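Input: a single structure, listed below in structure tokens.
Computed from a prediction, not measured in an experiment: that's the story for all the values here. Numbers here are sequence positions counted from 1. Values below: every heavy atom of this structure, side chains too, minus hydrogens, waters and symmetry copies.
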Amino acid sequence: MLEETGVDRLYKEFKTLIEYIEQGNEISLRNTVDENFRKALLLSAASYFEHRITNDILEYMGEISNKNELLVSFVSNKAISRQYHTYFNWKDTNANSFFGLFGDIFSNFIKQEVKNSEHLSSSIKAFLEIGRERNRLVHQDFGTFSLEKTSDEIYLLYKDALVFVNVLPDKLRQCLQKNEAEKIGTEIYFSVPIKKRANRYLYG
């Protein structure tokens, strides 16, 4: 079972509060609470995703660089800090611009993974929708901005998007392992004398 996040707790607390208010038949208060809570829930989900993705990238960099603190610090300062919202084209329905930042090898690998998984494809769309709605909220008049989605719809989007966020670090590692295995296979192949390779091809 996945660990409960701050977004999960916020959603549960809101539901409890709404039930309490409804018992007192405070319709006006309920609407005010609901309006503000939905914005808070959306921002919490977007903030959580930013925290997860940037931390996972840094952790991955630490792994592949054998915990090289100089490299990790450089990446943190130049590629992570205040850069997250430039990773994605939030108006798109895919994350190809983000995948491309890791180069062609990962980009081609993950695109095929997405193509083979409707669940992952749907999750990416939900993730981008949360980011897109977050941008609309913070770049317009927050106090008067009308958020069309209900709290349940926002929470369901968050749960759907969580699939992508959770699998991203695994996909980075899987791609690296696959690429390393292919390199080793190529090196072994070319280390065998041409005559032996020809004999294997002809006679098995």
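Across V72 and G62, no two heavy atoms sit closer than the pair CG2-CA, 3.7 Å. The shortest heavy-atom contact between N166 and D170 is O-OD2, 4.0 Å. Summarising the geometry of L70 relative to N68, their closest heavy-atom pair is N-OD1, 3.0 Å, with the distance given to 0.1 Å. Closest approach of H119 and V163 over heavy atoms only: NE2-CG2, 3.7 Å. Heavy atoms only, all atoms of each residue included: S123 and D160 are closest at OG-O, 2.6 Å. Shown here for L43 and R134, the closest heavy-atom pair between the two residues is CD2-CG, 3.9 Å.
For the 3.5 Å distance criterion, the side chains of Q112 and N116 qualify, holding a donor opposite an acceptor. With 3.5 Å as the limit, one finds a donor-acceptor pair spanning the side chains of D8 and T5.
Aromatic ring centres of F109 and F99: separated by at least 6.0 Å. A ring-centre distance under 6.0 Å is not found for F145 and F142.
The side-chain contact (heavy atoms from CB on, under 4.5 Å) test with L168 is passed by exactly one of I124, I53, D56: I53. Just one of W90, F106, F88 meets the ring-ring contact (aromatic ring centres under 6.0 Å, His included) condition when paired with F98; it is F88.
Taking the six-membered ring for Trp and thresholds of 30 and 60 degrees, Y11 and F37 have ring planes inclined between 30 and 60 degrees apart.
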inquiry  = Using side-chain contact (heavy atoms from CB on, under 4.5 Å), reason through N94 and V114 one step at a time and then give a plain yes or no.
reply    = CA-CA 9 Å; N94 61 64; V114 174; over 6 Å; no

request  = Please lay out, stage by stage, how E180 and L176 fare under the test side-chain contact (heavy atoms from CB on, under 4.5 Å).
outcome  = CA-CA 6 Å; E180 290 298 316; L176 179 63; 4.2 Å; yes

query = How far apart are the C-alpha atoms of R30 and D34, what are their side-chain angles, what is the distance that settles it, and do they pass the side-chain contact (heavy atoms from CB on, under 4.5 Å) test?
reply = CA-CA 6 Å; R30 185 205 184 283; D34 179 68; 3.9 Å; yes

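Taking CD of E35 as the start and OG of S151 as the end, the distance is 11.5 Å to the nearest 0.5 Å. With values rounded to the nearest 0.5 angstrom, N66 atom CG is found 11.0 Å from I64 atom CD1. The OG atom of S146 sits 10.5 Å away from atom CD of Q140, with the distance rounded to the nearest 0.5 Å. L71 CG to E69 CD: the interatomic distance, rounded to the nearest 0.5 Å, is 11.0 Å. Rounding to the nearest 0.5 Å places OG1 of T54 at 11.5 Å from CD of E59. In this structure, the separation between OH on Y60 and CD on E63 is 8.5 Å, given to the nearest 0.5 Å.
For H85, the NE2 atom counts as densely surrounded, since its 6.0 Å shell holds more than 12 non-hydrogen atoms of other residues, nucleotides or ligands. The local environment of CD in E148 is crowded, with over 12 non-hydrogen atoms from other residues, nucleotides or ligands closer than 6.0 Å. Shown here is Y20, whose OH atom has no more than 12 heavy atoms of other residues, nucleotides or ligands within 6.0 Å.
Under the 4.5 Å side-chain heavy-atom criterion for grouping Ile, Leu, Val, Met, Phe, Trp and Tyr, L156 is not connected to F127 through any hydrophobic cluster. Placement of V138 and I154 within a single hydrophobic cluster is found when ILVMFWY residues are connected by side-chain heavy-atom separations under 4.5 Å, directly or transitively. Clustering ILVMFWY residues whenever any of their side-chain heavy atoms sit less than 4.5 angstrom apart, transitively, puts V75 in a cluster other than the one holding I105. Under a hydrophobic clustering in which Ile, Leu, Val, Met, Phe, Trp and Tyr are joined whenever their side-chain heavy atoms come within less than 4.5 Å, directly or via other members, V7 and L17 fall into the same cluster. Following chains of ILVMFWY side-chain contacts shorter than 4.5 Å, one can reach L29 starting from I18, so the two form part of one hydrophobic cluster.
In this structure, K125 and E129 have side chains that are not in contact, with every pair of non-hydrogen atoms separated by 4.5 Å or more. By the 4.5 Å heavy-atom criterion applied to side chains, L41 and L10 are counted as neighbours. Within the 4.5 Å cutoff, the side chain of T150 has no heavy atoms near those of the Y155 side chain. Between F49 and L162 there is a side-chain heavy-atom pair separated by less than 4.5 Å. At least one side-chain heavy atom of F102 sits less than 4.5 Å from a side-chain heavy atom of I57.
Classification of K149 and E133 as a salt-bridged pair fails, no side-chain N sitting under 4.0 Å from a carboxylate O. Salt bridge annotation for D152-K15: present, with a cationic side-chain nitrogen under 4.0 angstrom from a carboxylate oxygen.
Using modelled atom types, no side-chain atom of R136 and backbone atom of R132 make a donor-acceptor pair closer than 3.5 Å. S97 places a side-chain N or O within donor-acceptor distance of the main-chain N or O of N89, the cut-off being under 3.5 Å. For S117 (side chain) and E113 (main-chain N/O), no donor-acceptor pair under 3.5 Å exists by modelled atom type.
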